[in-house]
Amino acid sequence: MLSRPKPGESEADLLHFQNQFLAARASPAVKIVKKADKRKGKEGSTDAERPPLQDSKDVVMLDGFPDTLPPLTPAPPKKSKIKSANVHFEDEDPEERLESHDRHITAVFSKIIERDTSAIAVTMPVPTGDPFPRTFHRSEIKSEVQLGAGRKSIFAQKMAAKRTAEKAATAPSAAECVQVKSAAPDALDPGRSVEEPPLLSSRRDKDGDFLTSQRPCLITGEGLGSQKSEQEAQAIHKENLEKLQSMSEEEILQEQAKLLAQLDPSLVAFLKSQRGNNEGQKKELKMELNRPEEFMESLPVAQHGVRSSLSMQESGLEPVRKEENMKVEITDDDLPVKPRKEWIHMDNVEFEKLEWMKDLPSPRQKKTKKGMQARFSLKGELIPADADLPTHLGLHHHGEEAERAGYSLQELFHLSRSQVTQQRTLALQVLGRIVQRARAGEFASSLKGSVLRLLLDAGFLFLLRFSLDDAVDNVMAASVGALRALLVSLDDEKYLDWTFSWYQGMAAFPFVPNNEEEEEEEEEELNGTEKSQDKKLKDENKPDPDVARYDVVKGLLKTRIQHRLRYILEVVRPVPTVVLDILHILIHIARHSSEACSQLLDCPRLIETIVREFLPTQWDPKVAEPGFLLTSLHGVACASAMKFIRVLASGGRNATARLLNKFEMKSRLSRFIAEDPVDLLLPREEAIRLSTEAFRLWAVAAGYGQACDLYSDLYPVLVRILQSLPELLSRKSPVVELSVQRAAAVVTLLTHVTQTAGYTAELQAKLSSNNSEDSEPIPPPPVAWNQVSGLQPFLETSLKKILQEISQIEAWQTLQPLTTTCVIFLGVYYSAYSQQPSVNPIDCLEELERLTSEVLQPLLSQPAIDSMWDLLRPCSALCNPLSCSPAPESVVSIASLSCTGGKPPLSLVGSKSPFPFLTALLFLINNITHIHKGLTSKYSSVLGFRGLKNYLHQSWQTGLPSVTSSSAWILRHEYHLQYFVLALARRMAGTCPDYTQHASLHHCVAMALLSRLLPGSEHLAHEVLLDLAFNPEFLPEGKAGGPEAADFSDILHLGTSAKLAQPGSAAAFVPKVTRGALLRESYQNLPSIRSCYLSHFAHLQPALIRSQASYQGRNYLIQSMLLPEAKGPILPSDWPFFPLISLYNKVTNAETRGTILNSLPRDLINTVTLNLQWVLLLETWRSKILQSIPTAAKLARLMCVFLTGSDLFLEAPIHRYTAALLSVYCQPKALDSLNLDAPLPGLASFHDLYISLLEQFEGVSFGDPLFGVFVLLPLQKCFSVHLRLSVFGEHTNVLRALGVPLQQFPVPLERYTSPPEDNLNLLRLYFRTLVTGALRHTWCPVLYVVAVAHVNSFIFSQESTAQETDAARKSMLRKTWLLVDENLKKHLLYYRLLNAESPLGFDLYEQLPPMRLKYLQIVTQKEIMENAPAVDS
């Protein structure tokens, strides 16, 4: 058998196959026959009846296939060959492809008829006498007519125009060709005019082409092979018209829909495109527009549906086209330049391509709830959606929303990666301005969402980091500016500098975001150092974007940004603006953490470059000339560079030592301090700032006890400055504020030098008496007390002169920073003065008395001081939480103080704030009263100021403030003032007889302060615990009849309906004690309670030592000026329960590891008792203090009593105090606030805790009623059903031991039975435990009453419900009726109401109500009236 040709075979192979076929003499698969065209006559006609064809045709026929095409209905529509979906592969078999696409063979091979070209006229060339045909120029021919669509060459267009002109010259006129029929049968119903289908009428109204009756549009007769082809086409046209006349409108539409479903859409589109190609037909249609349309266009029957389908599609698209035409309507008059015929390719104007030349439509705001895209100007301003700005501003160069001015963030991002340098630079500059305005809060009310958060999520940080690596200076400068706008807030830096000279203002919290990614819980064996090292390793293994998502600065450091910034400063040497931006960025990075400071110090040549280039010892003197244009900051001293060194030194004492010694900052300090700012060859303001930062850097170094050797060298300079301080009072220059800041920095420096000198004698004594066994001794600083003792007269004299201006508001506000530092200096000076061995104590006391009488007492009597106390509440951050709330555009990954735009004057750091001066004043008074206790009564008026009392009363009642980077630094200063007030109150309590009236208020403030103090203030918390919280003087109720009042209150409650019964104990003998006796015993044990709590806070000892070194002025022990991270207060809000929680965690952690504690601490009973005593005191006399702790959390903490140890709760004192606290938490107000379904602080899942409680109850409860009440409390109806399912499903054994008597149960039973239970599973468990006897009244009376009430309500409920519930209800009622236990049956059927006085706990019906009785009869299908059991009276 001969094989078929395969793809890839050559022509030689095909010739070889042909020779084989001819040699085999095989019969061909097809044969050639002569057959006339069927359309030339009817069936049965002979060839003689038809006129002969001019040329015979070859017709190829297939054996075994019919001549006519099969109907189209079973065959799928033929796919277009140009569909993009038809993808072919090289190794694909063409036969398989053909068979897969053409289901029927006749769809491809039917009749192959050669095209007849005999009727086509052939034009011979016109003979001329010229040797060559005459040429013509295209300008001689008018190219007004173009045939067909598509692009054609100019020559082809001219030739087509020439042929058209020739045909028009020989063709008859249009009037002769048009044959108008006077009458014709109506193809459609002539009576229908108004109700004409919109399909036909819309098409007819459009161009009059639908009912053309003169000649067909698509059938021309070409190719029929006859001289009368046009007559044949006209005959077909008439046949179609007759067919249409015989069909109704519905039949036409049906045929149309059928053909539309069968034909390929591409074929429909092709036929549609062929309608308008014949120009002559167009002219004829135009002439017929004015005549009535009578007939549809004559089409073959097979094509009529196609034509109709096209009309349907066009009719459906007509509104869209009209709308598009309304949008794009350009005429020749709209063109700014009129085209001429001589122009090449301008003979046909393509209006759609000229749409961009139209004037932009006026922008209008869409009336929709959906927000519009934000667009920004080149200045970073938000442009309103309806703003109509001129185009010459350059704000319309974008594709989307072309009519709107401005650029979106997406477009700016795209532009920032452009190949054009100017575009990249412009995009980065605009983005930087947008960030700057966003941080200022300009978009908070206009835009939805956060711009900064959106930019960071889109990768803006790494876009800037990549742009920093650009080789073009402008791009680098723009990226530096944008990065500075993202990270740095100049207002934040301004307020940090403002608070530098406050009390403890040199120390600051690190700029570490406190919402970092939650780390996995570490094992308990790991100490703090191992945890930090493990965290550091985890950060190193994370990708840069993951780190930057939670901490931008840490992510930038991972990208080694410090090395790139060093390169820009050292090699690129940019303009001054870029240098200042880089220094601000480095300052922000240095404020992040001590680790960040170490990385900056370790960066090669970074510090050397900054010190060499921006802190030189000499520079060009022209810089100081007025009007001098500074083109480069390199080689010129810069205050920002000095500030960067100062912030870097705050990172730790080791960093300060490296800066002073390795980088020669000591010589720089001497250079810039020794010379007066007026003599520095710099602009006046820059010179003062540089001198101020130099003093601040020296003050930081002195805070570590370093650089004190410069003090003796620069002592004359310091004295000269101190002597000039009174001159600031009369100075009215514009730089007076900067001069005051410089003077305050000098006094702050002297304060730390004085502190350092105060411990010189002590360190010298330790060094001389040091034993070899001790650790390495600390060398004494190179400054002695006699070197600083002469500073006090200068500063005291200046202070007296400044205080004379206290009544002048403007002058006082200007000089307040200097006044504050002077007062702090005096406090530090006298504290150190009293400890010097060379000082006579009598002289010290006399000095304090003189200061009190000459300075402080007159000051306290000033009206201005009274008004300062009144300003405490308006300026307080506790009383006004919004004053320290985060900014609208703050992001968690960038720490910020939210000072952008400045703080209002009446705020804690505002210009009118009294907090810095009053804190310093209280600090001085506390030091004086600590040294000279006889002067305490002299300052009793301080606590009597009305403004102070009002402030304290409101501050402690406010809720716990949220700790964020924007609030922690402010709250810390406010807590200092509160602590000094309490410290003064503690001294007043023992000496002033009339102090008792303030004791309760100050104790409430102390308790609130304990829950608020932030990390770094552990010393203050220790002092409050030691001297204030447990001080009997601050609990006057213990002496003034508080216990008796508690007993009297309980007696009054017993006379009312309230139930205060205390459960009994399973122990052999536990005498009941009144609450008053318990309070009296607790009050007497306050010293023991204090010892207990101090011992349980021993884990804070390392932090306490660091904090004590800072607050006590032991500079030689201070390791860093950066405080610990402020993730929350030092003590948790529920710290009164801390000993109990600590013991429970110890037991739980041991059990988790699989070990068993054979012995608990020896003083376990005493510890738990003391803890319960303290909580009882607070709940009775300071109940508002514990209001911040949810009642559910309090109960969860008390449950630890039963979970710690096996029989701990049976101990008599623990049992009594737990029962007393339970009665407090079961009062109506407490029960109303109880919510066990809400998340509880410190508790992962209350359900898990309750399951542990059930298991413990099953094991060791001994049926204790108190333990049983704690088990029953969470089973109230308002709480989760899963708790009740746990008892009645998995732990039914507890039902036998829950023998809490109804008379001892402190919770009303209505909280368990109302509303009726609707959980079907729980109701079935209720019924099962009752029927099986697992729940009995003698074993568990409380839950028995609850189960009977719910089952009774369920079985007699007749509300419409689901079928399953209704079936279960009726089944349960039938089973109840058939119960053998008559008592249970009686209880379930005759239950009426709860009754606490009844032995059962509820009342019964004597007879069932008629409605229930009728329902029972219907369900049980029995007459029970006679057999109903009677209730015993």
Side-chain angles (χ1 to χ4, degrees), residues 484 488 490 493-494 497-498 500-501 569-570 573-587 607-649 659 663-701 710 713-714 716-718 720-721 724-725 727-728 731-746 748-749 817:
R484 196 270 305 162
V488 182
L490 297 180
E493 294 295 329
K494 170 188 172 183
D497 294 342
W498 174 262
F500 181 84
S501 297
L569 291 176
E570 183 182 20
R573 301 174 72 88
V575 296
T577 305
V578 179
V579 172
L580 292 177
D581 288 344
I582 291 177
L583 291 176
H584 286 308
I585 293 172
L586 291 174
I587 290 172
I607 308 301
E608 292 93 330
T609 301
I610 293 176
V611 173
R612 181 183 67 251
E613 297 292 345
F614 308 112
L615 292 174
T617 56
Q618 57 184 0
W619 55 87
D620 189 356
K622 294 181 180 180
V623 176
E625 296 178 0
F628 178 77
L629 181 61
L630 189 64
T631 58
S632 177
L633 202 58
H634 287 71
V636 181
C638 176
S640 297
M642 184 65 75
K643 180 178 179 179
F644 166 65
I645 300 298
R646 185 252 296 179
V647 175
L648 204 59
L659 290 171
F663 300 107
E664 301 179 354
M665 284 307 300
K666 279 189 178 182
S667 62
R668 261 65 178 184
L669 285 177
S670 301
R671 166 69 178 86
F672 297 118
I673 288 176
E675 196 168 3
D676 193 85
V678 180
D679 300 329
L680 286 175
L681 299 177
L682 289 172
R684 183 70 182 280
E685 294 184 1
E686 182 68 14
I688 297 177
R689 290 192 182 97
L690 179 60
S691 179
T692 303
E693 290 299 335
F695 278 110
R696 287 173 178 168
L697 173 60
W698 192 7
V700 171
L710 294 177
D713 299 337
L714 298 175
V717 177
L718 297 174
R720 186 176 68 248
I721 295 175
S724 64
L725 290 182
E727 299 178 1
L728 294 175
R731 187 179 300 179
K732 300 297 182 182
S733 64
V735 294
V736 62
E737 292 186 3
L738 294 177
S739 300
V740 170
Q741 290 289 332
R742 175 174 176 268
V746 173
T748 303
L749 162 68

Original post:
Between CG of Leu659 and CG of Leu697, what distance do you get to the nearest 0.5 Å?
Top reply: 7.5 Å
Subject >> Heavy-atom donor-acceptor pair, Arg671 side chain to Thr617 backbone, under 3.5 Å >> reply: yes
**OP:** Please report the C-alpha distance between Leu710 and Ile673 in whole Å, then the side-chain angles of each, then the deciding distance to 0.1 Å, and finally whether the side-chain contact (heavy atoms from CB on, under 4.5 Å) criterion is met.
**Re:** CA-CA 10 Å; Leu710 294 177; Ile673 288 176; over 6 Å; no
**OP:** Among Leu569, Val578, Val579, find the one that has a side chain to side chain contact (heavy atoms under 4.5 Å, CB included) with Leu633.
**Re:** Val579
Original post:
Is a donor on one side and an acceptor on the other found under 3.5 Å between the side chain of His584 and the backbone of Ser640?
Top reply: no
Original post:
How many angstroms lie between SG in Cys638 and CG in Leu583, if you round to the nearest 0.5 Å?
Top reply: 5.5 Å
Original post:
Hey, are the side chains of Asp497 and Arg646 touching, using non-hydrogen atoms and a 4.5 Å cut-off?
Top reply: yes
Subject >> Gap separating the CD1 atom of Ile645 from the CZ atom of Phe663, nearest 0.5 angstrom >> reply: 8.0 Å
**OP:** Run the numbers on Val746 and Leu725 for side-chain contact (heavy atoms from CB on, under 4.5 Å), then give the verdict.
**Re:** CA-CA 10 Å; Val746 173; Leu725 290 182; over 6 Å; no
Original post:
What's the spacing between Ile582 CD1 and Thr577 OG1 if we round to 0.5 Å?
Top reply: 11.0 Å
**OP:** Kindly indicate, with the supporting measurements, whether the criterion side-chain contact (heavy atoms from CB on, under 4.5 Å) is fulfilled by Ile587 and Val488.
**Re:** CA-CA 9 Å; Ile587 290 172; Val488 182; over 6 Å; no
Subject >> Pairwise side-chain contact, Asp713 with Ser670, heavy-atom cut-off 4.5 Å (strictly under) >> reply: no
Subject >> Check: Ser691/Arg742 side-chain N/O donor and acceptor closer than 3.5 Å >> reply: yes
Subject >> Distance-minimising heavy-atom pair for Ala639 and Leu690 >> reply: CB-N, 3.6 Å
Subject >> Leu728 versus Ala743, closest heavy-atom pair with distance >> reply: CD1-CB, 3.9 Å
**OP:** Drop me the distance from Glu664's CD to Arg612's CZ, to the nearest 0.5 angstrom.
**Re:** 12.0 Å
Subject >> Min side-chain heavy-atom separation Glu686-Pro677 under 4.5 Å >> reply: no
**OP:** Mark yes when over 12 heavy atoms from residues, nucleotides or ligands other than Glu675 sit less than 6.0 Å from its CD; otherwise mark no.
**Re:** yes
**OP:** Kindly indicate, with the supporting measurements, whether the criterion side-chain contact (heavy atoms from CB on, under 4.5 Å) is fulfilled by Phe695 and Ile721.
**Re:** CA-CA 12 Å; Phe695 278 110; Ile721 295 175; 3.5 Å; yes
**OP:** Can you see which heavy atom on Ala745 is nearest to which on Arg696, and at what distance?
**Re:** CB-CG, 3.9 Å
**OP:** Look at Arg720 together with Asp676 and state whether they make a salt bridge at an N to O cut-off of under 4.0 Å.
**Re:** no
Subject >> Carboxylate-amine/guanidinium contact Glu693 Arg689, below 4.0 Å >> reply: no
Original post:
Is any side-chain heavy atom of Met665 less than 4.5 Å from a side-chain heavy atom of Met642?
Top reply: yes
**OP:** Could you point out which residue of Leu682, Asp620, Leu615, Leu681 forms a side chain to side chain contact (heavy atoms under 4.5 Å, CB included) with Val636?
**Re:** Leu682
Original post:
Got Ile688 and Ser739 here, is their nearest side-chain heavy-atom distance under 4.5 Å?
Top reply: yes
Original post:
Would one find more than 12 heavy atoms of other residues, nucleotides or ligands at under 6.0 Å from atom CD of Glu625?
Top reply: yes
Original post:
Are Leu738 and Arg684 side-chain neighbours, meaning at least one heavy-atom pair lies under 4.5 Å?
Top reply: no
Original post:
Nearest heavy-atom pair of Pro616 and Phe672: which atoms, and what distance?
Top reply: O-CZ, 3.4 Å
Subject >> Nearest heavy-atom neighbours spanning Thr748 and Ser501 >> reply: OG1-OG, 3.0 Å
Original post:
Does the side chain of Leu648 come within less than 4.5 Å of Ile607's, by heavy atoms?
Top reply: yes
Subject >> Interatomic distance, Phe500 atom CZ to Lys643 atom NZ [nearest 0.5 angstrom] >> reply: 10.5 Å
Subject >> Glu570 atom CD, over 12 foreign heavy atoms within 6.0 Å >> reply: yes
